[in-house]
Amino acid sequence: MSKKDVVHTTESEIAVHWQEEELYYPSVDFIAQANLTDTSVHERFKLDNFPECFKEYADLLSWYKYWEKTLDTSDAPCWRWFVGGELNASYNCIDRHLEKNRNKTAIHFVPELLEERTQHVTYQELWVRVNEFAALLQDFAGLKRGDRVTIHMPMCAELPITMLACARLGVIHSVVFAGFSGKACADRIEDSQSRVLISMDAYYRAGKLLDHKVNADLACEFAQGMGQKVDKVLLWERYPGKYSSSAEMIGGRDYSVNTLLKEYYGQRVEPERMKAEEPLFLMYTSGTTGKPKGCQHGTGGYLAYATATSKFIQDIHPEDVYWCAADIGWITGHSYIVYGPLSLGASTVIYEGVPTYPDAGRCWRIAQDLGVNIFHTSPTAIRALRKLGPEEPAKYDFSFKHMTTVGEPIEPAVWKWYQQEVGKGKAVIVDTYWQTETGGFLCTTIPGMNPMKPGSCGPGAPGIHPIIYDDQGEILGAGAGKAGNICIQNPWPGCFQTIWGDRDRFVETYFGRYNKDPESTDWRDWPYLTGDAAFQAEDGYYRVLGRIDDVINVSGHRLGTKEIESASLATAEVAEAAVVPVKDAIKGHVPDLYISLKPGITPSPEIAQKVSDTVCKEIGKIAKPKSVWIVADMPKTRSGKIMRRVLASISNEQDVGDVTTLMNPDIVAEIKEQHLKGSK
Ligand code: WTA
């Protein structure tokens, strides 16, 4: 985003009038056992002590070689953390726990079907399985340090096994959310130049066994079309020894992992000694352009940050049973299902299916049966559980000491239900604000120290120093009464290192806006732009309002409007497309799609359906438009730019404001009329 192209929303201009919520305090019992209650943390992590304060975080890891320099800024703003250090993430998440805890459960895998028993993978077993699979990846697939591998897998124990096997070899994994289409997977294969795709034949979702191998076929086909050949597809089987897909296995390309693994039984692989700044993984996310960005996370900085925030903010203790109900295909799952908890030697729960299958009591039964005491989910899931089963939590015997909400703003009413019904009035809640790019939490309360305020994420996490700038670069301090662009003043270890293969886009998008001097190697000159509008209350707590760029947050997942628009344009009849977010009671927002057709083409429900289907095929069902409105023309500025803001106001039944300066003001009334009639 260049300075002049920054999309201005009204959010950063309007004053925010909202009711101040009352504060909730952590219980005495929680505080008594909390990992972080020492008030000197504020002093230790203040800006004057930056960057050395993060030594505490790095010291939670086991290093082959201790690092020499905490932060190297010479290649600003591509920061390098813990320079000179060497470590391995798989060693940190597995091997180092064996001596004392080899028999402890590392992963509880809960299949969606009620008749299937939970699988408990001990640290010893995890170690064996990761070693064997790493040997397979090395010998059979020929993978080595620095290679990229795309993983398109559902929630299962084999997913962290696959990630950790890659990490053991220094292979950079790129996990794609299983709900994404074969085409979306192909885009990521191509961008990361992966020649190996790891997938699974099938998985359960809402009681149905979904055929997932078909997506691997599509991904390979599309990737080949883009010039990236996939040599090998390694397929895990949902039922080992029984292939559950209708798609043919392609000779010389597709291999069953469960069959191949027999050759590798008993094999062990020494973990690679990775430099702290060598990449651990890529995680693709949406931005302002149609092309997803491969956020590159480093080994030492990322792992230190995920581990420390899991310990101090998630308050994970060795004896806890921790369940983060996010999907590993998103950053939350990477940091707070896999790397953070396992690095701490905790027991982490992985649930295959939807939280409301077969009924809204499922989550609470899982919690009861496994003795889960830390629970982590999104406002979307909380809203759905509250709507479908408000009385359900009370029926089960479970007790959470700590709960997390992540991914989108949470309404105070929903927060209070979570606190009262799910937390049974006892659990502490952290509302964690962060991003794919940031590797771990940016803003959150410290659970044993700060009071909670429904709807506010709280202050910056230790060592994170947020600052809000208005569009002119003036600081909007605590109690300013106005929202602005929330930035982070300083680097932190969890921050991504660059966009894979596109350093310029990295610098421009995240630092271009408020950078004071492009030549500077002083971190103070490089505030990080989150892309969110936020507001700071008098007490210093932040409240995040939403994105300032073309990103829609659907169920806490990021979708780029440009990605949906270009998918719509793949339908032959469509001339123009515009996507806007509409408020939704459960999902937060959903995309609403406006299209205009090429000359001579008559609008029909079939075309609308076709466009909707294309979006699902190109991106995945998660991007399915709420409605497809076929309009005669788009509202445009005199320079021909589509006014998405006007369309968004119409979709959300809000006042469109002054539209008289548009090139075609009449179209606004026409589209409004269409909405009133519901004629799409
Ligand atoms: C939004 C998810 C309000 C925000 C970890 C951010 C939030 C985007 C919160 C990142 C929260 C995340 N309160 N909004 N607690 N957490 N967001 O990359 O707009 O999938 O920029 O990372 O989600 O989404 P992402």
Side-chain angles (χ1 to χ4, degrees), residues 9 11-12 16 18 175-177 179-180 282-288 292-295 297 302 305-306 309 313-314 324-337 340 376-383 403-412 414-415 418 429-445 452-461 464 466 483 485-488 494-496 499 509-510 528-536 541-561 563 581 587-589 622:
T9 58
E11 270 149 341
S12 55
V16 184
W18 65 301
V175 178
V176 178
F177 171 55
F180 272 139
L282 307 179
M283 165 65 43
Y284 282 84
T285 189
S286 301
T288 19
K293 316 178 256 204
C295 296
H297 281 283
Y302 169 81
Y305 200 69
T309 48
I313 307 298
Q314 295 305 107
C324 170
D327 194 291
I328 298 174
W330 307 104
I331 191 70
T332 303
H334 275 49
S335 301
Y336 299 114
I337 298 178
H376 185 151
T377 195
S378 64
T380 290
I382 304 168
R383 285 185 214 111
M403 306 192 300
T404 302
T405 161
V406 59
E408 29 169 350
I410 183 163
E411 300 77 357
V414 177
W415 190 100
Y418 194 34
I429 298 184
V430 287
D431 178 345
T432 57
Y433 162 63
W434 61 296
Q435 311 178 301
T436 304
E437 293 86 338
T438 70
F441 306 141
L442 289 178
C443 293
T444 168
T445 48
M452 305 155 246
K453 186 159 71 174
S456 287
C457 53
I464 303 283
N485 303 316
I486 181 164
C487 296
I488 310 299
C495 189
F496 72 140
I499 295 175
T509 309
Y510 298 96
Y528 167 86
L529 179 77
T530 61
D532 284 306
F535 160 89
Q536 192 182 22
Y541 277 29
Y542 294 93
R543 181 183 177 220
V544 177
L545 302 174
R547 306 284 312 182
I548 56 165
D549 57 11
D550 299 323
V551 169
I552 303 185
N553 195 326
V554 180
S555 309
H557 300 143
R558 272 162 72 173
L559 291 173
T561 50
E563 286 166 63
K587 297 178 173 175
H589 288 99
I622 182 174

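Both ligands and their constituent atoms are indexed starting at 1 by order of listing. What you see is a predicted model, and the numbers here were worked out from it, not measured in a lab.
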ask   = So which bit of Gln435 gets within less than 4.0 Å of ligand 1, heavy atoms only: side chain, backbone, both or neither?
value = both
key: Pro409 and ligand 1 - part of the residue with a heavy-atom distance under 4.0 Å   =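 The answer is both, backbone and side chain.
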query = Would Tyr510 and Glu437 count as having a side-chain donor-acceptor pair, cut-off 3.5 Å?
reply =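 The criterion, which ignores hydrogens and geometry beyond distance, is satisfied for Glu437 and Tyr510.
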message = We want to know whether Tyr284 and Thr436 form a side-chain donor-acceptor pair, criterion being a heavy-atom distance below 3.5 angstrom.
response =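 Their side chains do not contain a donor-acceptor pair, so the 3.5 Å distance test is not met.
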Counting N and O atoms only, with roles assigned by atom type, does the side chain of [X] sit under 3.5 Å from a partner on the main chain of [Y], one being a donor and the other an acceptor?
X      : Y      : answer
Thr561 : Asp550 : yes
Tyr418 : Thr404 : yes
Thr438 : Gly440 : yes
Arg558 : Ser286 : yes

Does [X] have a non-hydrogen atom less than 4.0 Å from ligand 1?
X      : answer
Gly546 : no
His557 : no
Gly531 : no
Trp330 : no

Taking all non-hydrogen atoms of both residues into account, name the closest pair between [X] and [Y] and its distance.
X      : Y      : result
Leu559 : Ile622 : CD1-O, 3.7 Å
Tyr302 : Gly439 : CE1-O, 3.6 Å
Gly407 : Asn553 : O-ND2, 2.8 Å

Nitrogen or oxygen atoms of [X] and ligand 1 under 3.5 Å apart:
X      : value
Thr405 : no
Asp431 : yes
Arg558 : yes
Gly407 : yes

key: Nearest-0.5 Å distance, SG of residue Cys443 to OH of residue Tyr542   = 6.5 Å
Atom indices of ligand 1, in the order listed, that fall short of 4.0 Å to a heavy atom of [X]:
X      : result
Thr436 : 18 (O), 20 (O), 22 (O), 25 (P)
Asp532 : 4 (C), 6 (C), 19 (O), 21 (O)
Asn553 : 1 (C), 23 (O)
Val544 : 3 (C), 14 (N)
Thr332 : 5 (C)
Thr432 : 9 (C), 11 (C), 15 (N), 16 (N)

ask   = Which residue and non-hydrogen atom of the protein lie closest to atom 2 (C) of ligand 1, and at what distance in Å?
value = Trp434 O, 3.9 Å
inquiry  = Which residue is it: Thr309, Val406, Thr530, Ile464? I am looking for the one with a side chain to side chain contact (heavy atoms under 4.5 Å, CB included) to Trp434.
reply    = Val406
